[in-house]
Amino acid sequence: MDENSLMVAVKNGDLDKAAFIFDLYHKRLFNFFVRLTFDRELSHDLTQTVFLKMLKYRHSFREEMILKSWLYQIARNVHIDHLKCNNIRFSDHAATENIKVETVKEQQEMADKERLLNEALARLPVEMRELLVLTKYQCLKYEEIAIIMNISVANVKVKVHRAIIKLKELYFQLENH
Amino acid sequence: MSTEDKNIQLVKYLEGELSPEESANLESTLKHDPDLKKEFQELKELFGLLGNQEEYLPDAALKMEFLEILENEKARLTETTPIRNIQKQGFPQWFSVAATVSLLLIGTFTANWIKHSTDQQNEIKALKEEVSITRKLLLLAISDQQASTRLEAVNSVNKIEMDDELVISMIRVVKDDSNLNVKLAALEALKPMTSDYRVNDAFLKLVAERDEPLLQIYLIQMLSEMEDEKSIAAIQALLVDENTAELVREEAQLALFRINKTMI
């Protein structure tokens with residue numbers, strides 16, 4: 001059974017299939033949130049919220065939809081809701097002091113360059129960071145991101161290119177500091 | 001071309017989005033433009049780092065919590081669908097109404113009966129439902145893809161009374177799980193059940209399988225505690241089998257020595 005069919009089954013009342021969808025996506029979504037928030041505990045909660053919403057709004061899933069895009073749309077909205085609840089604007093960058101101790105500890109075990117990269121990512125505006133996480137870490141195609149973000153593919157490309165350039169500036173500023 | 005446009009060209013080049021002609025032009029420019037070349041090297045380094053980092057693993061509790069949410073949702077659905085199901089099957093309207101009225105009457109009598117029952121009966125019922133949901137969650141978690149989740153589930157089996165389904169699941173885990181630690185944990189969970197003929201039979205068969213010597217050693221220890229004829233015969237058979245691993249042979253010898261001492 002492909003993943004779209006699994007979701008159709010859940011929509012039609014076969015809730016056990018939701019466990020298979022969870023197995024397919026929970027790690028990806030967890031990593032998506034960790035890369036955005038740098039907070040493992042928060043990412044755990046946000047990931048759980050995505051699956052809660054998947055169950056709650058299962059009736060809204062239409063057969064012509066793509067499950068991956070639908071779940072990532074929910075994930076983005078969950079993240080945006082979190083930002084709103086905490087009075088963080090979507091264009092704001094994460095203050096590096098917000099990186100939780102557990103994540104910093106993990107980073108200390110990584111190479112210096114990777115630590116710098118994470119710090120540079122944290123300093124990017126949230127929207128730019130989100131795009132880079134989706135394309136470079138979650139390995140989504142531009143066409144998939146376009147559906148998730150409800151913008152054109154050309155627009156996705158332009159935004160991703162700008163985000164990469166901005167990241168490079170931040171990364172080498174930190175490296176030369 | 002502005003600096004930003006040049007940088008975007010570099011990004012497109014590294015993403016493979018330029019045509020062969022555009023790529024050739026850019027490569028030619030890079031040879032003569034040291035500033036642009038520096039930008040290119042920096043971008044190339046960044047591309048090498050991006051997406052190369054380790055995946056973060058969520059803890060096993062994430063799945064356990066989700067399975068609990070799922071069970072609650074299933075339970076909630078069961079409570080709210082009986083009337084709708086009757087209508088969906090195409091029963092005539094009057095039947096649905098009669099069924100609703102009957103259910104309401106039954107419900108009323110039941111409510112009165114429950115009101116007169118003691119608090120203890122309600123508590124036992126709630127506890128039984130909780131145990132039933134816990135069993136279902138454990139059975140699901142025992143089949144999880146992640147070994148850490150399966151291990152946690154098997155270790156939790158000790159906390160509740162094992163029914164037939166759990167006993168059979170634990171035996172299956174000892175036989176078929178891909179992770180040795182999970183198998184050993186399942187063995188430990190089955191230790192109190194060695195008087196069950198299914199567990200006994202499984203142990204007697206598995207002790208002869210040479211794939212996992214450590215598992216054989218644990219099984220020898222458990223069988224030696226039983227001290228019955230079949231267990232002793234199974235351990236003795238390992239000594240006779242010349243393909244038995246040396247460590248397993250030593251454990252078998254020790255076990256028989258212990259049994260002989262206790263039998264004297």
Side-chain angles (χ1 to χ4, degrees), chain A residues 10 13 15-16 18-19 22-24 26-35 40-41 43-45 47-48 51-52 54-56 58 103 106-107 109-111 113-118 120-121 132-133 135-139 142 157-158 160-172 175, chain B residues 2-15 17 38-78 81 84-85 88 136-137 139-141 143-146 149:
Chain A
V10 170
L15 295 191
D16 285 333
F22 182 90
D23 284 339
L24 286 171
H26 76 285
K27 257 191 258 178
R28 277 190 260 191
L29 290 172
F30 180 75
N31 274 270
F32 172 68
F33 286 123
V34 169
R35 299 276 176 212
R40 285 186 68 99
E41 210 176 297
S43 299
H44 176 114
D45 292 342
T47 307
Q48 202 63 277
F51 287 105
L52 263 167
M54 179 191 84
L55 281 177
K56 189 176 175 186
R58 60 188 183 271
T103 314
E106 280 168 345
Q107 290 174 5
E109 292 164 4
M110 290 161 56
K113 286 191 175 184
E114 288 175 345
R115 191 170 66 241
L116 277 178
L117 179 64
N118 277 338
L121 269 168
L132 288 182
V133 168
T135 178
K136 297 297 175 194
Y137 290 94
Q138 302 287 301
C139 300
Y142 289 149
K157 282 187 188 177
V158 165
V160 168
H161 295 160
R162 287 193 180 139
I164 290 171
I165 291 164
K166 183 71 187 168
L167 180 68
K168 181 187 81 72
E169 277 171 27
L170 288 166
Y171 175 80
F172 285 100
E175 197 185 57
Chain B
S2 69
T3 310
E4 194 190 338
D5 287 341
K6 283 183 189 175
N7 280 332
I8 288 177
Q9 279 295 90
L10 292 175
V11 171
K12 284 183 178 180
Y13 176 80
L14 287 165
E15 298 265 75
E17 291 172 19
K38 182 172 176 271
E39 294 286 335
F40 176 70
Q41 295 296 348
E42 288 179 349
L43 272 170
K44 208 172 156 189
E45 187 181 331
L46 187 73
F47 267 74
L49 289 170
L50 272 174
N52 241 3
Q53 290 167 289
E54 267 181 63
E55 207 181 32
Y56 293 104
L57 289 176
D59 64 61
L62 186 65
K63 180 155 187 180
M64 296 296 283
E65 286 160 15
F66 175 70
L67 291 177
E68 196 174 331
I69 290 166
L70 196 57
E71 286 304 309
N72 288 339
E73 180 65 10
K74 279 156 70 177
R76 191 188 67 81
L77 275 185
T78 317
T81 53
R84 275 188 266 141
N85 278 343
K88 274 189 187 171
K136 285 179 192 166
L137 287 174
L139 284 167
L140 278 169
S143 310
D144 193 80
Q145 283 177 10
Q146 270 199 45
T149 307

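A note on names: the letters A, B, ... follow the listed sequences, proteins ahead of strands, and every chain is numbered from 1. Computed from a prediction, not measured in an experiment: that's the story for all the values here.
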Glu39(B) CD to Phe172(A) CZ distance, which is reported to the nearest 0.5 Å: 9.0 Å
Contact part of Phe33(A) toward chain B, heavy-atom cut-off under 4.5 Å: side chain, backbone, both or neither? neither
pair Glu42(B)-Tyr171(A): side-chain heavy atoms closer than 4.5 Å: no
Do side-chain atoms of Glu114(A) reach the backbone of Leu49(B) as a donor and acceptor pair under 3.5 angstrom? no
Quick one: what part of Leu52(A) sits under 4.5 Å from any heavy atom of chain B, side chain, backbone, both or neither? side chain
Closest non-hydrogen atoms of Ala19(A) and Leu67(B), given as atom of the first, atom of the second and distance, are CB-CD2, 4.2 Å
Turns out that what part of Arg162(A) lies under 4.5 Å from chain B's heavy atoms comes down to side chain
Measure Glu175(A) against the heavy atoms of chain B and call it side chain, backbone, both or neither at under 4.5 Å. side chain
Where do Pro58(B) and His26(A) come nearest, in terms of heavy atoms and distance? CG-CD2, 3.7 Å
Straight-line distance of Phe30(A) CZ to Glu55(B) CD, nearest 0.5 Å: 10.0 Å
State, to 0.1 Å, how close Asp59(B) and Arg40(A) come at their nearest heavy-atom pair, and which atoms those are. N-NH2, 4.5 Å
When rounded to the nearest 0.5 angstrom, what is the spacing between NZ in Lys63(B) and CG in Asp23(A)? 3.5 Å
Contacting moiety of Lys56(A), where chain B heavy atoms sit under 4.5 Å: neither
Within-4.5 Å side-chain heavy-atom neighbours: Asp16(A) and Lys74(B): yes
Looking at residues at least two apart in the chain, or sitting in another chain, which of them share a side chain to side chain contact (heavy atoms under 4.5 Å, CB included) with Leu14(B)? Phe40(B), Leu43(B), Lys44(B), Phe47(B)
What part of Leu46(B) gets within 4.5 angstrom of chain A, counting heavy atoms only: side chain, backbone, both, or neither? side chain
Pair Glu17(B), His161(A): side-chain N/O donor-acceptor within cut-off below 3.5 Å: yes
Between Glu4(B) and Lys168(A), is there a side-chain N and carboxylate O pair less than 4.0 Å apart? no
Identify which of Thr135(A), Ile165(A), Val160(A) forms the greatest number of heavy-atom pairs closer than 4.5 Å to chain B. Ile165(A)
Nearest 0.5 angstrom please: Phe66(B) CZ to Leu55(A) CG, how far? 5.0 Å
Using heavy-atom distances under 4.5 Å, tell me whether Leu10(B) contacts chain A through its side chain, its backbone, both, or neither. neither
Residue from Leu70(B), Ile69(B), Leu62(B) scoring the most non-hydrogen pairs under 4.5 Å with chain A is Leu62(B)
Intermediate values then yes/no, salt bridge (charged side-chain N to carboxylate O under 4.0 Å, His left out), Glu15(B) and Lys157(A): CA-CA 10 Å; Glu15(B) 298 265 75; Lys157(A) 282 187 188 177; over 6 Å; no
Non-hydrogen side-chain atoms of Leu50(B) and Tyr137(A) separated by less than 4.5 Å: yes
